[in-house]
Amino acid sequence: MFESRWLSKCVDRTIAWFTQPLASWLGLSLVVALLYRLPTLYQAFSSDFIVQDDARQHVFWMQRFVDPGLFPNDLLADYFQSVAPWGYTTLYRGGVALGFNPWTFNKILPLLIAFAATIFVFATVLEMVRIPWAAFVSVIFLNQVFPIRDDLVSATPAAFFHPFFLAFLFFTLRRSGLGCAIAILLLSLFYPQGVLVMGGTLGLIGLGLLRWKRGRVTVHGTRKDYWFLGVSLVAVFFSLLPYALRESAYGPVLTLAQARNMFALSAQGWSKFFVDNPLDFWLVGKRTGLFPLEWFTFDLKVIPQVWLTLALPFLILFPGKSSLVKVAKPGVLLLLKVTIASVTCYLLAHLLLFELHLPNRYTEHSFRAIVAVSVGVAMALIADRLRPSHSWRNRPKFWRGLLAIWAIAPLTIGFLAGENLGNYYRGDFPELYDYLKSQSQETLIASLDEEINNIPSFTNRSIFVGGKGFTLPYHLGYYNEVRQRSLDLIEAQYTVEPDIVKDFLDNNTIDLWLITPDMFTLEWVESSFWILQYSQDTDLPYLAVNDPRPTVVESLAETCKTADFQPFWVLDTDCLRDKL
């Protein structure tokens, strides 16, 4: 009887809590976050052979957590493991310990990250204006933007920026030194570039405590302010110290002079960086621009956020009869400081290319977080300014109906349009993948076809060299080796000299060579993005396809073909060695 009454009271209290206005808005926010993840979740689990674009490079090597014998002496796997932040690696290792395959864990993580980001953007806006529906507005916009870029759905290090950075904003508003320090330390373990922006923001907050009085500088703050800044700045220092002291085994870092001579960083390159149009370079460049690229589109999920954010300073400077401005002002000033800190880090990254990695990484993520918070605050200020004599707070049905339509409409359109949300790649050759997976773990596979990028993810087998995404130019010790491998492979595939192919196979332990018959046609060579990347270094493919003589590989392909999965032929390199 006692247990029954106790359980009944618990249920009653739980129902009562969830029926409170604040809990209702928070619950609805989590529902929105779930709904916006459903299309990508459906896509992620729609096939056994489907992988997110960025995850192909950042997750494939984590199969080593399941089987340490995978990818032995693999340059690509070793490199991406070396650049993975410690927290990111540890999280996936923990997922494997719990029984998840790394790829399954990769597909589930975005939902958990979205929930965390939703909770903290809700809490941050609520801290600024104390209005639950305004926090819900921010939740809607944040979750509508997530599918536009594949940062979240990839569950790569950049995906963790928003929850930890929004947590930083929330704890900064509350002047919680411990909470802020935890957010800083966590972000440093996943995406350390964001910690520089946090440190700059804290520095500006500290400067805000300084006053000029009677010819000297004095500090005006409370003991809580000093404790908050002290603990937070110490966290920033110890978060960044390991990265400052660490040297990459694949260094040195690329310099600006070297970068200007790389085709990979040209406007046609795999890692496009330098473009001729200054506005594109400084404003919307994927790696160089100040702003997120989607801000310059006509996407109706983005434009309202940007304009409402731009309106926020005017709403603060010209409050009219709004009584909410005083409440919101400290938070708006914090967003301004974050903006200044982000732009400062962006300029430093340009000044010190490529020591601080890519400039855009210091603004695109923080700007999205700023806008997500700002849009809810701006709508609250507008509503407060336009409220009738009877309070709009007492008329929630209108707002809930309007916001529900606003939240669900784009989601419905996304389902009906069948959009490829998340930039997933579907494997179209399951028989090929099964065959390669049946080979020994030491098997090394070479190919100039873009399908080679999927092989490590779908087969757990090593590749000699990868294409776009695998050929990152920022550490020369890695890039130069990958570049030379690519040039050697191109030369071996398109040469008519048997000795060149023999030397190539003797110097590299390649086991299987993946080709397609049309690789030896002019149409394929001219359309190959891979061949284009190295067109300044070799014109052999263009010469070969115009030469009446067949290349060595082409002439031996039928003889050494060990498997045929149209359009791919799998060549046995031992056979090639014997025939040369």
Side-chain angles (χ1 to χ4, degrees), residues 53-54 56-58 79-80 83 148-151 154 156-158 191-193 196-197 248 250-297 342-368 423 450 453 465-487 490 526-539 541-542:
D53 182 22
D54 289 343
R56 289 189 296 181
Q57 298 88 49
H58 293 281
Y79 174 74
F80 281 97
V83 298
I148 297 175
R149 287 295 305 272
D150 55 2
D151 295 329
S154 68
T156 53
Y191 201 75
Q193 293 96 323
L196 287 175
V197 178
S248 172
Y250 299 93
V253 175
L254 180 68
T255 66
L256 178 58
Q258 293 166 332
R260 291 192 181 279
N261 294 320
M262 282 188 181
F263 186 87
L265 292 168
S266 70
Q268 293 79 39
W270 271 331
S271 302
K272 183 172 71 172
F273 191 90
F274 299 105
V275 294
D276 295 331
N277 188 328
L279 290 179
D280 287 346
F281 181 84
W282 290 103
L283 295 183
V284 297
K286 182 179 179 181
R287 297 171 178 86
T288 63
L290 181 65
F291 301 107
L293 181 61
E294 70 269 12
W295 286 14
F296 291 82
T297 67
S342 299
V343 174
T344 301
C345 291
Y346 164 84
L347 295 174
L348 282 173
H350 267 293
L351 185 64
L352 300 174
L353 283 175
F354 288 83
E355 292 293 333
L356 297 179
H357 200 42
L358 302 174
N360 182 257
R361 302 303 185 253
Y362 295 95
T363 52
E364 69 166 334
H365 303 301
S366 58
F367 278 10
R368 290 192 187 104
N423 200 15
E450 292 182 3
N453 291 343
V465 69
K468 183 180 181 181
F470 285 96
T471 311
L472 298 181
Y474 308 115
H475 292 101
L476 293 179
Y478 170 76
Y479 174 73
N480 287 338
E481 174 65 21
V482 171
R483 176 179 172 275
Q484 189 58 53
R485 286 188 181 192
S486 297
L487 288 171
I490 291 171
E526 289 181 335
S527 63
S528 172
F529 201 33
W530 198 315
I531 299 296
L532 174 64
Q533 300 306 302
Y534 301 98
S535 58
Q536 290 183 326
D537 300 293
T538 178
D539 59 356
Y542 301 95

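These numbers were taken from a predicted model, which means no experiment stands behind them.
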Q: Carefully, step by step, assess Asp537 and Arg483 under the rule side-chain contact (heavy atoms from CB on, under 4.5 Å).
A: CA-CA 10 Å; Asp537 300 293; Arg483 176 179 172 275; 2.7 Å; yes

**Q.** Spacing of CG belonging to Asp150 relative to CG belonging to Asn423, to within rounding of 0.5 Å
**A.** 5.0 Å

Q) With sequence neighbours left out, what residues match Arg485 under salt bridge (Lys or Arg N to Asp or Glu O under 4.0 Å)? A) Glu481

(Q) Are the side chains of Leu254 and Leu265 in contact, using a 4.5 Å heavy-atom criterion? (A) yes

Q) Sequence neighbours excluded, which residues qualify as ring pair (Phe, Tyr, Trp, His ring centres under 6.0 Å) partners of Tyr79? A) Tyr250, His475, Tyr478

Q) When rounded to the nearest 0.5 angstrom, what distance separates CG in Asp54 from OG1 in Thr156? A) 5.5 Å

Can you give each donor-acceptor pair under 3.5 Å made by side-chain atoms of residues 348-365, sequence neighbours left out, with the distance rounded to 0.1 Å?
residue: His350; atom: NE2; partner: Thr288; partner atom: O; Å: 3.1
residue: His350; atom: NE2; partner: Tyr346; partner atom: OH; Å: 3.3
residue: Asn360; atom: ND2; partner: Gly289; partner atom: O; Å: 2.5
residue: Arg361; atom: NH1; partner: Lys286; partner atom: O; Å: 3.3
residue: Arg361; atom: NH1; partner: Glu364; partner atom: OE2; Å: 3.4
residue: Tyr362; atom: OH; partner: Leu356; partner atom: O; Å: 2.7
residue: Thr363; atom: OG1; partner: Leu290; partner atom: O; Å: 2.7
residue: Thr363; atom: OG1; partner: Asn360; partner atom: O; Å: 3.4
residue: Glu364; atom: OE1; partner: Arg149; partner atom: NH1; Å: 2.9
residue: Glu364; atom: OE1; partner: Arg368; partner atom: NH2; Å: 3.4
residue: His365; atom: NE2; partner: Tyr191; partner atom: OH; Å: 3.3

Q | Heavy-atom side-chain contact between Phe470 and Phe80 under 4.5 Å | A | yes

Q) Of all residues at least two apart in sequence or in a different chain, which pass the ring pair (Phe, Tyr, Trp, His ring centres under 6.0 Å) check with Tyr479? A) none

Q) Rounded to the nearest 0.5 Å, what separation is found between the OG atom of Ser486 and the CD atom of Gln484? A) 9.0 Å

Please output the side-chain donor-acceptor pairs of residues 270-281 that fall under 3.5 Å, not counting sequence neighbours, one pair per line with the distance.
residue: Asn277; atom: OD1; partner: Leu279; partner atom: N; Å: 2.9

Q | Residue pair Val284 / Trp295, side-chain heavy-atom distance below 4.5 Å | A | no

Q) Which atom pair, heavy atoms only, marks the closest approach of Tyr542 to Ser535? A) OH-CB, 4.3 Å

Q) For Ala158, does its backbone N or O pair with a side-chain atom of Asp151 as donor and acceptor, under 3.5 Å? A) no

Q) Could you give all pairs that pass the side-chain hydrogen bond (donor to acceptor under 3.5 Å, both in side chains) test and reach residues 251-268, with sequence neighbours left out? A) Thr255-Gln258

Q) Between Ser342 and Phe367, which heavy-atom pair has the shortest distance, and what is it? A) CB-CE1, 3.9 Å

**Q.** Residue pair Pro541 / Ile490, side-chain heavy-atom distance below 4.5 Å
**A.** yes

Q) Taking the side chain as C-beta and beyond, is there a heavy-atom pair between Thr471 and Gln533 under 4.5 Å? A) no

